[in-house]
Amino acid sequence: EVLNIGGKHAPVVVMDLSQRGELTPASFFGAGYQYSVPMDKWNLSDLACDYIKIGRQEVSFEIPGTLGLIQDGDVWINHRESIRTYPCWTIEQYLSTAQRHPTLNFVELQTQEMTSNVLEAIRKDSTVVLLLNSIHPLQVMDLRSSYLFLLENEITTPVIIQTTYTTSSEDEFMLNSAVDNGALLIDGFGDGLLISASHIALQRVNSTCFGILQATRTRISKTEYISCPSCGRTLFDLQETTAKIRSRTSHLKGVKIGIMGCIVNGPGEMADADYGYVGTGPGKITLYKEKEVVKKNVAEENAVDELIDLIKEYGDWVEPVGI
């Protein structure tokens, strides 16, 4: 591990602001950080990223205490005293410079640049984190092969998956980034995500990163809902009920709630949920704690309140607060 990257740490999220214009405190809002002018303090959301890549830009204001900045190496050399600002080197710069950061150095590397000289240099340096990207038409295959190559050579350097998307369609961006990055994370590869998409709102890019990590069970940052697809046996309005439960519980970070339309397949489909809400008859709901029935045949109009009471009873409830 290098600082909070790699080892047993959850994958980090890196936001790319290097191509998004001049940086101000307001620029960080989409990355999960909100600056309060009256209170002169930063507020963090549950989806606050870990690092922001600023490229050749400079930051003239105090950054949040949990955030790190990644600056191009040749610019960073002139700002080496900046707090929590780390260099990002090309492989040529990294191999030729002696002015590295004593704790953390990011090295941007394309898959085809993995030579024996590069691997030996990385092996000897416990401060390196790779930002690995691919220009291959089949980038997932190419990145997976590179991970396997590192493993075969016993290189344990942390690797952040770096992917870039040029589409302006949010749906296309979310689908493609989820497929590309999710496939690698499910295979056990990746100590973080750096997804660049300059035509997509930063807040959407950030939430997509955390969503991919949540879906691959590598980093839990919000409530997880497990719902059946609905069928003729469904005994209540599944979409409406799910929206109602979500509106009351979306702040319960790490809690899993199963919402199932009927008793036939519901308990099996939500077997790993912390709490379950299952239709058992017209207007009747049964509530579960994990796999155990806790309350049977609760009236549907009272069932959401009863679910909240159950979460409170077992100590998983926290009051919602704004950032």
Item to complete: Please test K295 against D309 for salt bridge (Lys or Arg N to Asp or Glu O under 4.0 Å), starting from the C-alpha separation and ending with a verdict.
Response: CA-CA 11 Å; K295 296 183 179 182; D309 289 341; 5.4 Å; no
Can you tell whether the side chains of [X] and [Y] come within less than 4.0 Å, N to carboxylate O?
| X | Y | answer |
| --- | --- | --- |
| D316 | K253 | no |
| E62 | K41 | no |
| R144 | D187 | yes |
| E290 | K256 | no |
| K289 | D274 | no |
| K8 | E1 | no |
| K244 | D305 | no |

Could you tell me whether the side chain of [X] and the main chain of [Y] form a donor-acceptor pair under 3.5 Å?
| X | Y | answer |
| --- | --- | --- |
| D50 | V12 | no |
| S177 | F173 | yes |
| N133 | Q162 | no |

Item to complete: Evaluate the criterion side chain to side chain contact (heavy atoms under 4.5 Å, CB included) for residue pair Q214 and I220; output intermediate values, then yes/no.
Response: CA-CA 5 Å; Q214 177 103 6; I220 304 300; 3.9 Å; yes
When you look at [atom1] of [X], are more than 12 heavy atoms from neighbouring residues, nucleotides or ligands closer to it than 6.0 Å?
| X | atom1 | result |
| --- | --- | --- |
| L138 | CG | yes |
| K312 | NZ | yes |
| Q239 | CD | no |
| E301 | CD | yes |
| E113 | CD | yes |

Worksheet entry | S18 to Q57 - nearest heavy-atom pair and separation | O-NE2, 3.8 Å
Worksheet item: Using the benzene-type ring in the case of Trp, are the ring centres of H251 and W317 under 6.0 Å apart?
Response: yes
Worksheet item: Does the pair D180 and Q139 meet the rule for a side chain to side chain contact (heavy atoms under 4.5 Å, CB included), with working shown?
Response: CA-CA 8 Å; D180 295 343; Q139 66 171 344; 3.0 Å; yes
Practice prompt. Starting from the C-alpha separation in whole Å, work towards a yes-or-no answer on side chain to side chain contact (heavy atoms under 4.5 Å, CB included) for I245 and Y225.
Written response: CA-CA 9 Å; I245 293 173; Y225 300 95; 4.2 Å; yes
Discussion item. Show, in sequence, the C-alpha distance, side-chain angles and deciding distance for Q71 and Y86, and conclude whether the side chain to side chain contact (heavy atoms under 4.5 Å, CB included) test is met.
Written reply: CA-CA 6 Å; Q71 191 172 47; Y86 307 99; over 6 Å; no
Worksheet item: Can R100 be said to sit on top of Y94's aromatic six-ring, NZ or CZ under 6.0 Å from centre and within 45° of the ring axis?
Response: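 Pair R100/Y94 counts as cation-pi.
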Item to complete: Would you sort out whether F106 and Y51 count as a ring-ring contact (aromatic ring centres under 6.0 Å, His included), showing the intermediate values?
Response: CA-CA 11 Å; F106 292 92; Y51 293 88; 5.6 Å; yes
